[in-house]
Amino acid sequence: MQFDIEKNKLLSKDTMYSYIEFIKKIRQDMPDKTWFAMDDDDVIMKRFQEKTAFVYTAKESETGRLAGIFMVTVPGLSEENLGHDLGFSEEDLLKSVHMDTAVILPDYRGNGLQARLMEKAEADCIRQGYAYLLCTIHPENRFSLQNARKLGYQIVKTTFKYGGLPRNILCKTL
């Protein structure tokens, strides 16, 4: 099966809301919802309007069907920047991005789409001069942990985030 992986630019509000609904649907069908913490719609929309978030999609080449979404956020100096958890300097906080949200429809899992989406986003982050790629993954989510570790991410801290949920914080230094 072939997939087109691309960064989506100039997204309309309707498209963004359809992506948010796509993410919610996948989360709803997860057996353990603590594995996936999702911001509310308004926060996500604000990030896109302020250009502090970007979305990448994987679509089945033949049909154009959306198979997966990956979002990257640029937290800057905000308190949500995971670099604060790691003791980053202000300079390093500004060089950090969050490899934020990865969701793949069940029909398409096993095709390496999460890794391919992350690789596409990483290439853009390198071109933009970022030095630290950060993400959180539930300690029991072996699938996402395996994908991230294959791409060179290392667990640097285990803590509680998002209202008390256990999370590994992973970092990849570029």
For a 4.5 angstrom cut-off between non-hydrogen side-chain atoms, does [X] reach [Y]?
X    : Y    : result
M71  : Y19  : no
C125 : Q128 : no
I44  : M38  : yes
I5   : T57  : no
F36  : H138 : no
E122 : M99  : yes
Q154 : T173 : no
Y130 : V74  : yes

Establish whether [X] and [Y] are linked, either directly or via other cluster members, by ILVMFWY side-chain heavy-atom contacts under 4.5 Å.
X    : Y    : answer
L134 : V72  : no
L117 : I126 : yes
M30  : L145 : yes
L151 : V156 : no
I169 : Y153 : no

Side chain to side chain donor-acceptor pair (under 3.5 Å) partners of [X], counting only residues at least two apart:
X    : answer
T158 : N168
D29  : K25
K120 : none

**Request:** Mark yes or no for whether R27, through its side chain, and K33, through its backbone, hold a donor-acceptor pair below 3.5 Å.
**Result:**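 Looks like yes, one N/O pair under 3.5 Å.
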**Request:** Check whether any side-chain N or O of N8 sits under 3.5 Å from a backbone N or O of Y56 as a donor-acceptor pair, and report yes or no.
**Result:**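 Side chain of N8 to backbone of Y56: no pair is present.
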Rounded at 0.5 Å granularity, tell me how far [atom1] in [X] sits from [atom2] in [Y].
X    : Y    : atom1 : atom2 : value
N147 : E119 : CG    : CD    : 10.0 Å
K46  : D39  : NZ    : CG    : 12.0 Å
L82  : C135 : CG    : SG    : 8.0 Å
F22  : L105 : CZ    : CG    : 3.5 Å

What pairs with [X] under ring-ring contact (aromatic ring centres under 6.0 Å, His included), at least two apart in sequence or on another chain?
X    : result
Y132 : F88
F48  : none
Y108 : F3

**Request:** Might you work through the side-chain contact (heavy atoms from CB on, under 4.5 Å) test for Q114 and S144, ending with a clear yes or no?
**Result:** CA-CA 8 Å; Q114 180 178 0; S144 289; 3.5 Å; yes
Kindly give the heavy-atom pair with the smallest separation between [X] and [Y], and that separation in Å.
X    : Y    : value
I104 : G68  : CD1-CA, 3.8 Å
L77  : H84  : O-NE2, 3.4 Å
L113 : A67  : CD1-CB, 3.9 Å
N81  : L93  : ND2-O, 3.1 Å
F70  : A102 : CD1-CB, 3.6 Å

Listing request: all salt bridge (Lys or Arg N to Asp or Glu O under 4.0 Å) pairs with a residue in [range], at least two apart in sequence or in separate chains.
range            : answer
residues 128-153 : none
residues 12-22   : E21-K24
residues 62-89   : R47-E80, R65-D107, D85-K161

**Request:** Determine whether more than 12 heavy atoms belonging to other residues, nucleotides or ligands lie under 6.0 Å from atom CD of E6.
**Result:**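 Yes, enclosed.
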**Prompt:** Is the closest side-chain donor-acceptor distance between S12 and T15 under 3.5 Å?
**Reply:**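 Present: a donor and an acceptor within the cut-off.
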**side-chain contact (heavy atoms from CB on, under 4.5 Å) evaluation trace for E60 with L66** = CA-CA 7 Å; E60 188 177 355; L66 184 62; over 6 Å; no
**Asked** Apart from F143 itself, what residues make up its hydrophobic cluster, given side-chain heavy atom links below 4.5 Å?
**Response**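 Via sub-4.5 Å side-chain contacts, F143 links to W35.
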**Under the side-chain contact (heavy atoms from CB on, under 4.5 Å) test, residues paired with L165 that sit two or more places apart** =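 Here the qualifying residues are T34, A37, Y162, R167.
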**Request:** Decide yes or no on side-chain contact (heavy atoms from CB on, under 4.5 Å) for L133 and L174, but give the supporting numbers first.
**Result:** CA-CA 8 Å; L133 307 177; L174 302 174; 3.8 Å; yes
**Request:** Please list all pairs passing the side-chain hydrogen bond (donor to acceptor under 3.5 Å, both in side chains) test where one or both residues lie in residues 93-105, with sequence neighbours left out.
**Result:**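 Every pair satisfying side-chain hydrogen bond (donor to acceptor under 3.5 Å, both in side chains) with a residue in residues 93-105: T73-D100, E91-K95.
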